[in-house]
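Predicted, not measured: the structure shown is a model, and the values here were computed from it.
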Amino acid sequence: MIEEKKVQYFNIILCKTGMLLIGLGLIRAFSIYQDKSSFFLGFFGYILVSIHIQSLEKRWGIPKKHTWISTGIFLLLFVPLAYWLAFPN
């Protein structure tokens, strides 16, 4: 694998990790404070960042197979952690 592709994949991993942490933070904040307007603003921002990352993946020429794999791994981590944070007991 050439060095440029390694850097691209590393950046995508960082972006997905950041999205995971931001999403979990939003869910945790909503479960504690029950502030719907702030949650929707944060969720809208989260969706915009997600769309931006998808456009970067297309621009960089990341294969769809890798995009689907990274999204699957993201969901496998996000869903159980979100449930655990939202309902701690």
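Rounding to the nearest 0.5 Å gives a distance of 10.5 Å between CG of Asp35 and OH of Tyr33. Here CG of Leu81 is found 9.5 Å from CD1 of Ile27. Values are rounded to the nearest 0.5 Å. A distance of 9.0 Å separates NZ of Lys58 from OG1 of Thr67, quoted to the nearest 0.5 Å. In this structure, CG on Leu77 lies 9.0 Å from OG1 on Thr17, to the nearest 0.5 angstrom. In this structure, CD in Gln54 is found 6.5 Å from CD in Glu57, a value given to the nearest 0.5 Å. One finds the CG atom of Leu56 at 12.5 Å from the CD1 atom of Ile51 (value rounded to the nearest 0.5 Å).
Phe78 places none of its side-chain heavy atoms less than 4.5 Å from the side chain of Met19. Considering only heavy atoms from C-beta on, Lys36 comes within 4.5 Å of Phe30 through its side chain. Side-chain contact between Lys16 and Thr71 is present, with at least one heavy-atom pair separated by less than 4.5 Å. When side chains are defined from C-beta on, Trp84 does not count as touching Val79, because their heavy atoms never get closer than 4.5 Å.
Residues forming a side-chain hydrogen bond (donor to acceptor under 3.5 Å, both in side chains) with His52 (at least two apart in sequence, or on another chain): none.
Leu85 approaches Arg28 most closely through the heavy-atom pair O-NH1, 3.2 Å. When every heavy atom of Leu26 is checked against every heavy atom of Phe39, the shortest pair comes out as O-CD1, 3.8 Å.
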Yes or no on side chain to side chain contact (heavy atoms under 4.5 Å, CB included) for Tyr9 and His66, after CA distance, side-chain angles and deciding distance? CA-CA 9 Å; Tyr9 288 129; His66 294 158; 2.8 Å; yes

### Message
Between Ile22 and Val49, is the side chain to side chain contact (heavy atoms under 4.5 Å, CB included) condition met? List the steps.
### Response
CA-CA 10 Å; Ile22 290 169; Val49 169; 5.8 Å; no

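Between Phe43 and Tyr46, the two ring planes are parallel [angle under 30°; tilted spans 30° to 60°].
The hydrophobic clustering, which links ILVMFWY residues whose side-chain heavy atoms are closer than 4.5 Å, places Trp60 and Ile13 apart. Leu21 and Leu41 fall into different hydrophobic clusters, where Ile, Leu, Val, Met, Phe, Trp and Tyr residues are linked whenever their side-chain heavy atoms come under 4.5 Å apart, directly or through other members.
In the displayed structure, Glu4 atom CD is contacted under 6.0 Å by at most 12 heavy atoms of other residues, nucleotides or ligands.
Taking the six-membered ring for Trp, Phe87 and Tyr83 have ring centres closer than 6.0 Å.
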